[in-house]
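See below for the structure under consideration.
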Amino acid sequence: MQFIDQALIEVEAGKGGDGIVAFRREKYVPAGGPSGGNGGRGGSVIFKAVENLQTLLDFRYKHIFKADNGSRGGSNNCTGASGKDLIIEIPCGTVIYDAETDEILGDLTKPEQTFLIAEGGKGGLGNQHFLSNRNRAPEYALPGLEGERKVLRLELKLLAEVGIIGLPNAGKSTLISSLSAARPKIADYPFTTLIPNLGVVRKPTGDGTVFADIPGLIEGASHGAGLGHDFLRHIERTRVLLHLIDATSEDVIGDYHTIQQELKAYRRGLEKRPQILALNKIDAVDRETVDLEELARQLNQLSYAPVFIISAVTRTGLEPMLQEIWRVIDEINAVEANELQEIGS
């Protein structure tokens, strides 16, 4: 399955049905009045978030979506049938933008959440609506109104609590495969991960937490270089960033700064997101020439964030790192709960 996280589409609600001109023709009513019915309302276009979709692949082959028109009115004051609403299913986490103004129109994050994006046109009024003391036999009706039409940009942002970031070959895919049942492609060359991978990691309480392995960032990613620019959006919703650093790199501190600069340049407040640092691949480090504890100390002084020394391959040091992740998430949840309580009181 291809991972498609952006799409440009056009939606159009249905046109309202026309009102009609009609008069009663009854045997014992010699002066039958107007009886033209109103037209039915046009169908609306509605987005619905569902759990069983993970990409916007469906929108790669179909770009125009149109709801049904309303039916014209009938005689004997009968209103025309309304057009059927068009419900478009999208993955949870999809943001809906106006493609022309770039305004955010909707953000669907919960299953079964719906959003009315284009309202159907009102049905036209039949001539019976214009009956009055001055006009006993109106011979005109109104046409139905056009439905709303919009050009939209859909953007999928993965819903994960923990985003694993780092330069290519930092070991992100290996880590998520060690922590969860996810089985991403793993190889000894940069850009192994071409799409974000999701894995569910179980907490001691039994609850599942979603981790996202974000494709490797490089210098200039925030301006379109490499793969990172297309996938930085997927860590916008994460609560915690797990910054993985290759301990075998010739410039560990420089690698740390590269990622931090890209987070800051992206301008979505990502650099302010709680971070946990992990020096990975310690199983491949020559301990006689590399002082891991000193590197961890330097990183801690630069970031003021906890630093863990781990090996995703041998699973060394993973448990203390996970305990810190759970602690930070619980702390964030507690703060959000207090804020909601203050708002409600």
Side-chain angles (χ1 to χ4, degrees), residues 5 93 109 157-180 182 184 193 195-201 203 208-219 221-222 226-247 249 252-281 295-296 298-310 312 317-318 320-336:
D5 61 352
T109 59
K157 298 179 181 179
L158 296 179
L159 297 175
E161 288 193 281
V162 182
I164 307 174
I165 60 174
L167 291 171
N169 256 11
K172 299 182 296 298
S173 296
T174 303
L175 178 61
I176 201 168
S177 66
S178 296
L179 295 176
S180 71
T193 303
I195 64 173
N197 293 302
L198 295 180
V200 177
V201 182
K203 299 173 69 173
T209 300
V210 179
F211 282 54
D213 160 23
I214 307 301
L217 307 180
I218 63 173
E219 187 173 357
S222 59
L227 300 173
H229 178 260
D230 288 333
F231 295 109
L232 273 167
R233 73 176 67 91
H234 293 301
I235 58 177
E236 288 184 32
R237 298 186 191 275
T238 56
R239 295 184 169 194
V240 181
L241 297 181
L242 177 56
H243 184 173
L244 215 58
I245 304 172
D246 186 353
S249 170
V252 169
I253 304 302
D255 291 350
Y256 165 79
H257 283 303
T258 296
I259 296 298
Q260 299 305 314
Q261 288 166 4
E262 294 310 314
L263 295 179
K264 187 174 182 180
Y266 190 59
R267 297 179 180 177
R268 298 291 193 280
L270 295 181
E271 76 281 3
K272 299 178 182 178
R273 201 67 49 86
Q275 284 193 43
I276 294 171
L277 275 57
L279 272 171
N280 190 28
K281 300 186 179 181
L295 285 175
Q298 293 179 29
L299 288 170
N300 178 257
Q301 288 182 337
L302 286 170
S303 64
Y304 299 103
V307 182
F308 294 87
I309 300 174
I310 70 167
L318 297 189
M321 180 188 71
L322 286 175
Q323 293 302 320
E324 177 63 15
I325 292 174
W326 307 145
R327 186 195 67 78
V328 173
I329 291 177
D330 289 342
E331 189 175 89
I332 294 172
N333 289 338
V335 171
E336 291 179 350

Discussion item. I'd like to know if the side chain of Asn280 reaches the main chain of Ala312, judged simply by a donor and an acceptor atom lying under 3.5 Å from each other, with no hydrogens or angles considered.
Written reply: yes
Practice prompt. Describe, in one word, how the ring planes of Tyr256 and His243 are oriented to each other, choosing from parallel (under 30°), tilted (30 to 60°) and perpendicular (over 60°).
Written response: parallel
Discussion item. Just verifying a value: how many Å separate Leu241 CG and Lys272 NZ, rounded to the nearest 0.5 Å?
Written reply: 14.0 Å
Discussion item. If I compare all heavy atoms of Ile164 with all of Leu175, which pair ends up nearest, and what's the gap?
Written reply: CD1-CD2, 4.2 Å
Worksheet item: Which is it for Ile332 and Val240 under the side-chain contact (heavy atoms from CB on, under 4.5 Å) test, yes or no, and what are the steps along the way?
Response: CA-CA 9 Å; Ile332 294 172; Val240 181; 4.1 Å; yes
Discussion item. Quick one, Gln260 and Leu302 - any side-chain contact, counting heavy atoms below 4.5 Å?
Written reply: no
Worksheet entry | Any Ile276 side-chain heavy atom under 4.5 Å of Pro306 side chain | yes
Discussion item. Rounded at 0.5 Å granularity, tell me how far OG1 in Thr209 sits from CG in Leu179.
Written reply: 11.0 Å
Response to the item:
So CD1 of Ile165 and CZ of Arg273: to nearest 0.5 Å the spacing works out to 10.0 Å
Worksheet item: Should the heavy atoms of other residues, nucleotides or ligands under 6.0 Å from NZ of Lys264 be counted, would the total exceed 12?
Response: no
Practice prompt. Could you give me the CA-CA distance, side-chain angles and deciding distance for Leu279 and Phe308, then say whether side-chain contact (heavy atoms from CB on, under 4.5 Å) is met?
Written response: CA-CA 6 Å; Leu279 272 171; Phe308 294 87; over 6 Å; no
Fill in: Derivation and outcome, side-chain contact (heavy atoms from CB on, under 4.5 Å), residues Gln275 and Leu242
CA-CA 6 Å; Gln275 284 193 43; Leu242 177 56; over 6 Å; no
Fill in: Reported OG-to-NE2 distance for the pair Ser303 and His257, which is rounded to 0.5 angstrom
10.0 Å
Fill in: Side chain Asn300, main chain Ala305, donor-acceptor under 3.5 Å
yes
Worksheet item: Just by modelled atom types, is the Asp246 backbone N or O under 3.5 Å from a matching donor or acceptor in the Ser249 side chain?
Response: no
Item to complete: Could you walk me through whether Ile325 and Phe211 pass the side-chain contact (heavy atoms from CB on, under 4.5 Å) test, one step at a time?
Response: CA-CA 11 Å; Ile325 292 174; Phe211 282 54; 4.0 Å; yes
Worksheet item: If you look at every heavy atom in Ile259 and Gly166, which pair is closest and at what distance?
Response: CD1-C, 3.8 Å
Practice prompt. Give the minimum heavy-atom separation between Ser173 and Asp213, together with the two atoms involved.
Written response: OG-OD2, 3.0 Å
Worksheet item: How far apart are the closest heavy atoms of Ile310 and Ala278, and which atoms are they?
Response: CD1-CB, 3.9 Å
Worksheet item: So do Glu161 and Thr238 actually touch side chain to side chain, heavy atoms under 4.5 Å?
Response: no
Worksheet entry | Closest approach of Gly199 to Ser180 (non-hydrogen atoms, all atoms of both residues) | CA-OG, 3.5 Å
Fill in: Spacing of CD1 belonging to Ile329 relative to CD belonging to Glu331, to within rounding of 0.5 Å
11.5 Å
Worksheet item: Which pair of non-hydrogen atoms, one from Glu271 and one from Leu263, has the smallest distance, and what is that distance?
Response: OE1-O, 3.6 Å
